[in-house]
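Nothing here was measured: the structure is a model prediction, and the numbers come from that model. Chain naming here is simple, since letters A, B, ... match the order of the sequence lines and numbering starts at 1 in each.
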There are 2 protein chains.
Amino acid sequence: MSHTLGIRQAQKQKTRQALLDAALGLLEEQSLSSLGLREVTRAVGVAPTAFYRHFRSTADLGVALVEEALGSLHPMIRTTVSSAGDSDQRIERAVGLIAHHVETHPAHVRFIARERHGGVQSVRQAIQDQLARFTEEVKAALAKDPVSEGWNDDDLRMLAHLYVDQMLMTASLFLDALEAPEEERRRVVQVATRQMRLISIGREHWLD
Amino acid sequence: MSHTLGIRQAQKQKTRQALLDAALGLLEEQSLSSLGLREVTRAVGVAPTAFYRHFRSTADLGVALVEEALGSLHPMIRTTVSSAGDSDQRIERAVGLIAHHVETHPAHVRFIARERHGGVQSVRQAIQDQLARFTEEVKAALAKDPVSEGWNDDDLRMLAHLYVDQMLMTASLFLDALEAPEEERRRVVQVATRQMRLISIGREHWLD
DNA sequence: AATTCCAGAGAACAGTTGTTAACTGCATGG
DNA sequence: CCATGCAGTTAACAACTGTTCTCTGGAATT
């Protein structure tokens, strides 16, 4: 692999990325279903027809954005759920990781939160597929945890589902508090931490 | 109150409602930020300019839809959280109420789920305001429950928040499974029930 | 060095959009 | 019964949309 691709394909990928970036920017103040192809090309500074060299439609571009936003997130998931430390330490680290990711990729997070239930079917589907993969990975990680001894498959899946949803909820909360005073951001940390702690407690007593 | 309003204002409210209904229908396949005013009036069968007699913009119409979708939901909230029965019975009833509401008002539920993180600021704000009211009501109901004895204000609020979010998550799940085979719908009931049960268990052991 | 390929430009299309202004007809209040 | 108010109509506007076809310059291939 890593075949140094010619200056031709390199330039193509460059404009393609520029289109993705511009779209992501424009999507901070609207939904994908109202994003126009001309709007995107205008923001990049290329002719409208150039768009078709890279995407069939804005919906197609949306699907590409889903992969950009979620595809590279799988490694993080693993370190979030599994690994060492007692319960409180793991929770603290998970919340910290989420907060950090929202701070470094706010537009991506906003895009996912917005389009997860958004008006474009194919994009909704792409997000659901990725989240389903996340859920499976979390479930696999949970299965290895000694706390989950004796849990059946359905219960593991419902807990994984709960964790993934909770992650997104927390990320969305951080997003809304991004430009808020630090006081409120700490309240978000507090709420998220306590919610995860409550879930954790429920988990420990599940088999009673 | 209840002053039988003249046939003039009656007709006005009628077209206003027709605009709201038509918009709600159109919003099943797109987001509010891409909903055109002409699109709505065309669906109703009135002139585009008639729109301005009722709403400043489609965003304004969206805010009205929020109140229609969530405003009448407050009484239900109360019966969902509080009232009699042991833990499992209350959960079963809550999940049933949510499922029923999704079946009878699917478009409203879809609208809220979609626009909660959608591209129109004022509508997002309106939804957040209503949800904050819900959270306060749930918190008040929780405070009266003997299980919550000894809980401080912050913990009550975080639990109320968790319940409200869980309610929306569940509603969204039911929505996606609306036209799916009954088998999958029962799986949704199962997952939602177990998640609430886990939360309930965590709640009982919170003060350990 | 000659040829093919292709990312992007340019122009034109039919259709759409939000908003304005001036109007019409009918229910309302004096 | 007559004058006023106002929901909804009609017509027109400039601006915008997605998509098509044709063209061009320079990289890639032979």
Side-chain angles (χ1 to χ4, degrees), chain A residues 1-23 25-27 29-65 115 118-123, chain B residues 2-27 29-65 115 118-123:
Chain A
M1 270 290 284
S2 161
H3 176 259
T4 32
L5 65 180
I7 93 172
R8 181 147 203 187
Q9 301 219 6
Q11 179 59 32
K12 180 171 183 180
Q13 285 208 0
K14 205 171 169 184
T15 43
R16 185 191 135 101
Q17 191 59 46
L19 288 169
L20 288 169
D21 292 347
L26 292 165
L27 284 173
E29 291 168 338
Q30 61 184 312
S31 313
L32 183 65
S33 77
S34 67
L35 182 70
L37 132 190
R38 294 183 100 107
E39 205 177 344
V40 179
T41 57
R42 194 186 312 131
V44 173
V46 299
T49 48
F51 186 91
Y52 292 108
R53 299 287 178 191
H54 304 275
F55 308 102
R56 262 185 246 278
S57 61
T58 52
D60 196 26
L61 179 147
V63 173
L65 273 180
E115 301 303 329
V120 181
Q121 222 279 323
S122 57
V123 172
Chain B
S2 161
H3 176 262
T4 31
L5 66 180
I7 94 171
R8 182 147 201 188
Q9 301 218 7
Q11 180 59 32
K12 180 172 183 181
Q13 285 210 359
K14 205 171 169 183
T15 44
R16 186 191 134 100
Q17 191 58 46
L19 289 169
L20 288 169
D21 292 346
L24 201 58
L26 292 165
L27 284 173
E29 292 168 339
Q30 63 183 312
S31 314
L32 182 65
S33 79
S34 67
L35 182 70
L37 133 190
R38 295 183 99 108
E39 205 176 343
V40 179
T41 56
R42 194 186 312 131
V44 173
V46 298
T49 47
F51 186 91
Y52 291 108
R53 299 288 177 191
H54 304 276
F55 308 103
R56 262 186 246 277
S57 62
T58 52
D60 195 25
L61 178 146
V63 173
L65 273 180
E115 301 303 329
V120 182
Q121 223 276 324
S122 57
V123 171

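Both B/I7 and B/T58 lie near DNA chain C, and the one whose nearest nucleotide falls closer to the 5' end is B/T58. Both A/S57 and B/R53 sit near DNA chain D, but only B/R53 has its closest nucleotide nearer the 5' end. Nearest-nucleotide mapping onto DNA chain C: of A/A50 and B/G36, the residue sitting toward the 5' end is A/A50.
Side-chain atoms of A/T49 stay outside donor-acceptor range of the base of D/dT19, with no qualifying N/O pair under 3.5 Å. With hydrogens and angles ignored, no donor-acceptor pair under 3.5 angstrom links the side chain of A/R38 to the base of D/dC16.
Formation of a donor-acceptor pair under 3.5 Å by the A/S31 side chain with backbone atoms of A/S34 is not found in this model. A donor-acceptor pair is defined here as one N or O able to donate and one able to accept, closer than 3.5 Å; no such pair exists between the side chain of A/E115 and the backbone of A/G62.
Atom CG of A/L26 is separated from atom P of D/dC16 by 15 Å (rounded to the nearest Å). Between the CD atom of B/Q9 and the P atom of D/dA7 there is a distance of 8 Å, rounded to whole Å. Residue B/L19 contributes atom CG, which lies 11 Å from atom C1' of D/dG8 at whole-angstrom precision. In this structure, the CZ atom of A/R8 is 7 Å from the C1' atom of D/dG26, given to the nearest Å.
Note on B/R42: only backbone sugar-phosphate atoms sit closer than 4.0 angstrom, heavy atoms only; bases stay farther off. A/T15 comes within 4.0 angstrom of sugar-phosphate atoms only, judged by non-hydrogen atoms across all strands, and of no base.
A 4.5 Å side-chain heavy-atom check between A/I7 and A/Q11 finds every atom pair outside the cut-off. The side-chain heavy atoms of B/T58 and B/F51, taken from C-beta on, include a pair separated by under 4.5 Å. The shortest distance between side-chain heavy atoms of A/V63 and A/F55 does not fall below 4.5 Å. Looking at A/L32 and A/L65, their side chains never come closer than 4.5 Å, going by heavy atoms from C-beta outward.
Extent of DNA chain C lying under 4.0 Å from chain A heavy atoms, first and last nucleotide in 5' to 3' order, is C/dC5 to C/dA12.
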